Amino acid sequence: PVRARSGNAWYRTRKFVRRYRLPVAATVLTVSSLTVGLFVANSQRAIAQRRFQQVRQLANKVLGLDLVIRLLPGSTKAREEIMAMSQEYLEGLGAEARSDQSLALEVANAYLILARAQGVPYVANLGHYAQAERTLKKADELLDPMLKTSPRNRKALLLSAEIAHDRMILANTDHRNEEALTEARKATARLDALLNLGQVPTSDLGTVTSLLINIA
């Protein structure tokens, strides 16, 4: 005889799944996809954070070594090795930096430090002016698109002004007068945009003042 019974939770679940196979399968697939997507997103975020810390370490420690050894006799070869290693690492981060503003700012800043060591005339450098110009251009390629979408980003505005200033110095040294004026105007526009945002942090005032004096 058939014995009527209410059935436990597992029994009711099995009956429900059997009755609505397609909707349940679709729901399971959707939830699984979302779970995988969240896992991938979290993994990518963790990777980006590690890259962020690595490039900051590069700028603060590896490139910082150049400041320590630049005045030592016979240090040119070691400095060139540091520059080559730094550039290779930064170029490897280029693609990732374009989709992450924080990382892009760090990479652009590291490019600026690298370019000055390579050959921006107003600081002690290796005399590789063409290399420095190419490095500064790569920094611009990270910052210019960012400022189109985030024109009020203070750090990006100041960093872009510093890069344009250094490109102005390089162009002026090479007697490319029109190009020097173009870069001077770009640096001035970035500084004007920064000043129009209001009070400039005290830590940045010295940099802004020096840039304006050199442009003038």
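Remember, it's a predicted structure, so these values are computed and weren't measured experimentally.
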**Message:** With a 4.5 Å cut-off on side-chain heavy-atom distances among I, L, V, M, F, W and Y, is there a chain of contacts connecting I215 to L195?
**Reply:**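 Yes, it is one cluster - the side chains of I215 and L195 are joined through contacts under 4.5 Å.
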
**Message:** Please tell me whether V200 and L197 are part of a single hydrophobic cluster in this structure, the criterion being side-chain heavy atoms less than 4.5 Å apart.
**Reply:**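 They do share one cluster, since a chain of ILVMFWY contacts under 4.5 Å joins V200 to L197.
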
**Asked** Just by modelled atom types, is the L105 backbone N or O under 3.5 Å from a matching donor or acceptor in the N109 side chain?
**Response**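 Side chain of N109 to backbone of L105, a donor-acceptor pair under 3.5 Å: no, none is there.
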
**Request:** Take L157 and L191, measure what side-chain contact (heavy atoms from CB on, under 4.5 Å) needs, and give me the verdict at the end.
**Result:** CA-CA 7 Å; L157 284 169; L191 292 173; over 6 Å; no

**Message:** Please list all pairs meeting ring-ring contact (aromatic ring centres under 6.0 Å, His included) that have one or both residues in residues 150-207, counting only residues at least two apart or in different chains.
**Reply:**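 Sorted pair list: Y122-H165.
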
For the atom pair [atom1] ([X]) and [atom2] ([Y]), what is the distance rounded to the nearest 0.5 Å?
{"X": "D174", "Y": "I169", "atom1": "CG", "atom2": "CD1", "result": "13.0 Å"}
{"X": "R176", "Y": "L181", "atom1": "CZ", "atom2": "CG", "result": "12.5 Å"}
{"X": "T135", "Y": "L114", "atom1": "OG1", "atom2": "CG", "result": "4.5 Å"}
{"X": "E133", "Y": "D166", "atom1": "CD", "atom2": "CG", "result": "10.0 Å"}
{"X": "S203", "Y": "L205", "atom1": "OG", "atom2": "CG", "result": "8.0 Å"}

Residue pair [X] / [Y]: nearest heavy atoms and the distance that separates them:
{"X": "A164", "Y": "E183", "answer": "O-CB, 3.4 Å"}
{"X": "A132", "Y": "A115", "answer": "CB-O, 3.4 Å"}
{"X": "A108", "Y": "A139", "answer": "O-CB, 3.9 Å"}
{"X": "L147", "Y": "A156", "answer": "CD2-CB, 3.7 Å"}
{"X": "A187", "Y": "A161", "answer": "CB-O, 3.7 Å"}
{"X": "G119", "Y": "Y129", "answer": "O-CD2, 2.9 Å"}

So [Y] and [X], do their side chains get closer than 4.5 Å, heavy atoms only?
{"X": "K186", "Y": "D140", "result": "yes"}
{"X": "Q101", "Y": "N153", "result": "yes"}
{"X": "L211", "Y": "T207", "result": "yes"}
{"X": "H128", "Y": "E80", "result": "yes"}

**Request:** Please say which of L112, L142, D144 ends up in a side-chain contact (heavy atoms from CB on, under 4.5 Å) with I163.
**Result:**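 With I163 as partner, L112, L142, D144 yield a single side-chain contact (heavy atoms from CB on, under 4.5 Å), made by L112.
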
**Asked** Pick one: which of R190, R167, R116 meets side-chain contact (heavy atoms from CB on, under 4.5 Å) with E162?
**Response**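 Testing each of R190, R167, R116 against E162, the sole residue satisfying side-chain contact (heavy atoms from CB on, under 4.5 Å) is R116.
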
**Request:** Show the numbers, then the answer: is there a side-chain contact (heavy atoms from CB on, under 4.5 Å) between Q118 and N125?
**Result:** CA-CA 6 Å; Q118 287 173 327; N125 62 84; over 6 Å; no

**Asked** Should we say atom CZ of R154 is surrounded by more than 12 heavy atoms from elsewhere, each under 6.0 Å from it?
**Response**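 Counting other residues, nucleotides and ligands, CZ of R154 exceeds 12 neighbours.
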
